[in-house]
Amino acid sequence: MSPAPASDRDAPPAAYAAALASLPAVGPGWLVEVLARHSPRTAWALVRSGELPRPARSRLSPGGPDWSEYAQRLDVGSLWAYCQQRGIAVTWPAVPGYPSALRAGPAPAGVLFAYGDLGLLEGRHCVALIGTRRCTPEGREVAFQLGHDLCAAGVVVVSGLALGIDGAAHAGALAAARDAEAGGGRGGAGSTVGVAASGVDVVYPRQHAALWGEVARLGAIVSETPPGSPAQAWRFPSRNRIIAGLAQMVVVVECHASGGSWHTVESAVRRGIEVGAVPGSVQSPASVGTNTLLHEGATPVRGAQDVLDALGIFDHPRRGKVTGMGTARGAGAGAGAGLAARMPVARGAEPMKPPDDMGPLDRRVLAAVTSRPLCLEEIVERSGLPVTAVVVALERLEERGALRGEAGWWARGRLNAR
């Protein structure tokens, strides 16, 4: 066995913890067990020497790379330098900074990587808002409004950074956090935490690049996946158990009869965490799952007030400003109180005729956008254009004032003469 590089010998324990988490197909259970018995430095030395081999039931196929060989090739010092340059924190159950909520209960995270402030998870109420990527426009509005109102009431909103319900929940929480920031301080407002299936430095999906940046700035992004690694299918159920583990209540806004939301719900039930669901139309496939949960005894969530009541939050100074969602599943007050209320658009904007100098691609994208805020996924679907073409057109339309954009959502605005 070759000796460890000098840069490895000078690395701190967090660097070795990051290296252990970077082993091919390593699982959280193995990391938790090993780091409970050894320091990260000692565990890494044992892996390099072959005294701590990969488990027989590893996800690696027979004949895959041996952990000892992999460890001898990995430059721990370079990995740690990469984390430091990008502001990525590394924590594990034995050290301060690891979320206390994850220490209790089944299947804790072995090693966590983080962008942002993990400390905001301590001493605050945390609620997971989750749901389907294939949500309805009304579902997006409800998720945004729940995220906004809970954050405004001091709650940390946890979700999975995905398209659909997750992204809307994060966007709503960010809007409330920015409102508090603009008012001269965060005050009693909460924040939002995104749990990623990819490395914290690998944005997934790419359409949420701006959203990731804001979540990291005003909250935190966490992941068990080592930096530089893409999302893999097996990591999503694992990610969902972290979402449940960080929360005191899991609220499903919309979900189908099957899908990733059920993994999160099952993890919450195993941990004894309360599960809530937003009622939906019995004719909507996106509400089959939530209506089933309600039938089986989940807490009905009509608005943020129901969540605050379930958490026992009765004395927050902003509690009286929390809105309900009585009509949010139809057109009208509920939707207007959500994202649209924070992205004011000209009420006469919809029938405006585009200028003669506007190109056909921009016209097509503009025609797909209404006065009701839409996310990129919905604009792509309505326009029938490739996502890259839509992104470029949205930038041009926003520059000329035809559209207004905020945190990955767009709505009609007033057309500026050019």
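A quick note: this is a predicted structure, and the numbers were derived from the prediction, not measured.
Using modelled atom types, no side-chain atom of Arg140 and backbone atom of Cys375 make a donor-acceptor pair closer than 3.5 Å. Gln248 places no side-chain N or O within donor-acceptor distance of the main-chain N or O of Leu311, the cut-off being under 3.5 Å. Side-chain N or O atoms of His170 include one that pairs as donor or acceptor with a backbone N or O of Leu161 at under 3.5 Å. Side-chain atoms of Thr299 never come within 3.5 Å of backbone atoms of Gly276 as a donor-acceptor pair (strictly under, hydrogens ignored). Between the side chain of Asn240 and the backbone N or O of Ser267 there is no donor-acceptor pair closer than 3.5 Å. No donor-acceptor pair under 3.5 Å is formed between the side chain of Arg41 and the backbone N or O of Pro12. Side chain of Ser68 to backbone of Arg48: a donor-acceptor contact under 3.5 angstrom is found. A donor-acceptor contact shorter than 3.5 Å links the side chain of Thr192 to the backbone of Val157. In this structure, the side chain of Trp262 engages the main chain of His256 through a donor-acceptor pair within 3.5 Å.
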### Task
Decide yes or no on side-chain contact (heavy atoms from CB on, under 4.5 Å) for Met249 and Val301, but give the supporting numbers first.
CA-CA 11 Å; Met249 183 176 184; Val301 174; 4.2 Å; yes
### Task
Begin with the C-alpha distance, continue with both residues' side-chain angles, and end with the deciding distance and a verdict on side-chain contact (heavy atoms from CB on, under 4.5 Å) for Leu361 and Val392.
CA-CA 10 Å; Leu361 188 146; Val392 172; over 6 Å; no
### Task
Apply salt bridge (charged side-chain N to carboxylate O under 4.0 Å, His left out) to the pair Glu181 and Arg178, showing each step before the final yes or no.
CA-CA 5 Å; Glu181 189 178 47; Arg178 282 193 295 265; over 6 Å; no
#### Entry: Evaluation steps, side-chain contact (heavy atoms from CB on, under 4.5 Å), between Asp201 and Phe113
CA-CA 10 Å; Asp201 58 333; Phe113 299 90; over 6 Å; no
### Message
Using side-chain contact (heavy atoms from CB on, under 4.5 Å), reason through Val76 and Tyr16 one step at a time and then give a plain yes or no.
### Response
CA-CA 7 Å; Val76 177; Tyr16 293 98; 4.2 Å; yes
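Salt bridge absent: Arg396 and Glu399 never bring a charged side-chain N and a carboxylate O closer than 4.0 Å. Checked for salt-bridge contact, Glu381 and Arg134 miss the test: no charged N lies under 4.0 Å from a carboxylate O.
A distance of 4.5 Å separates CG of Leu397 from CG of Leu403, quoted to the nearest 0.5 Å. One finds the CG atom of Leu163 at 8.0 Å from the CG atom of Leu376 (value rounded to the nearest 0.5 Å). In this structure, the separation between CG on Leu79 and OG on Ser22 is 5.0 Å, given to the nearest 0.5 Å. The line from CG of Asn291 to CD of Glu254 is 10.0 Å long, rounded to the nearest 0.5 Å. With values rounded to the nearest 0.5 angstrom, Leu218 atom CG is found 11.0 Å from Asp117 atom CG. Of the inter-residue distances, the one linking Arg364 atom CZ with Arg382 atom CZ reads 13.0 Å to the nearest 0.5 angstrom.
Residues Phe144 and Ala175 come closest through the heavy atom pair CZ-CB, 3.9 Å. Heavy atoms only, all atoms of each residue included: Thr136 and Ala286 are closest at CG2-CB, 4.0 Å. Listed here is the closest heavy atom pair of Pro230 and Thr225: O-CG2, 4.3 Å. Of all heavy-atom pairs between Gly245 and Ala101, the closest is O-CB, 3.4 Å. When all heavy atoms of Ala109 and Leu102 are compared, the pair lying nearest together is CB-CD1, 4.3 Å. Of all non-hydrogen atoms in Ala393 and Asp362, the two that sit nearest each other are CB-OD1, 3.5 Å.
Side-chain contact between Pro227 and Cys83: present, with at least one pair of heavy atoms (C-beta onward) separated by less than 4.5 Å. Put simply, the side chain of Cys135 reaches to within 4.5 Å of the side chain of Thr132, judged on heavy atoms. No side-chain heavy atom of Ile243 sits less than 4.5 Å from a side-chain heavy atom of Ser159. Contact of the Val222 side chain with the Val200 side chain is not registered, since no non-hydrogen atoms from C-beta on lie closer than 4.5 Å. In this structure, the side chains of Trp80 and Val90 come closer than 4.5 Å at one or more pairs of heavy atoms. Looking only at side-chain heavy atoms (C-beta outward), Trp92 and Leu20 stay at 4.5 Å or farther from each other. Between Leu146 and Val278, the closest side-chain pair of non-hydrogen atoms falls below 4.5 Å. Between Leu174 and Leu211, the closest side-chain pair of non-hydrogen atoms falls below 4.5 Å.
For the pair Arg239 and Tyr204, the cation-pi criterion (under 6.0 Å, within 45° of the ring axis) is not fulfilled.
Sorted by first then second residue, the ring pair (Phe, Tyr, Trp, His ring centres under 6.0 Å) pairs that include residues 372-397, not counting sequence neighbours, number zero.
The neighbour count for Arg86 CZ, taken as heavy atoms of other residues, nucleotides or ligands under 6.0 Å away, is above 12.
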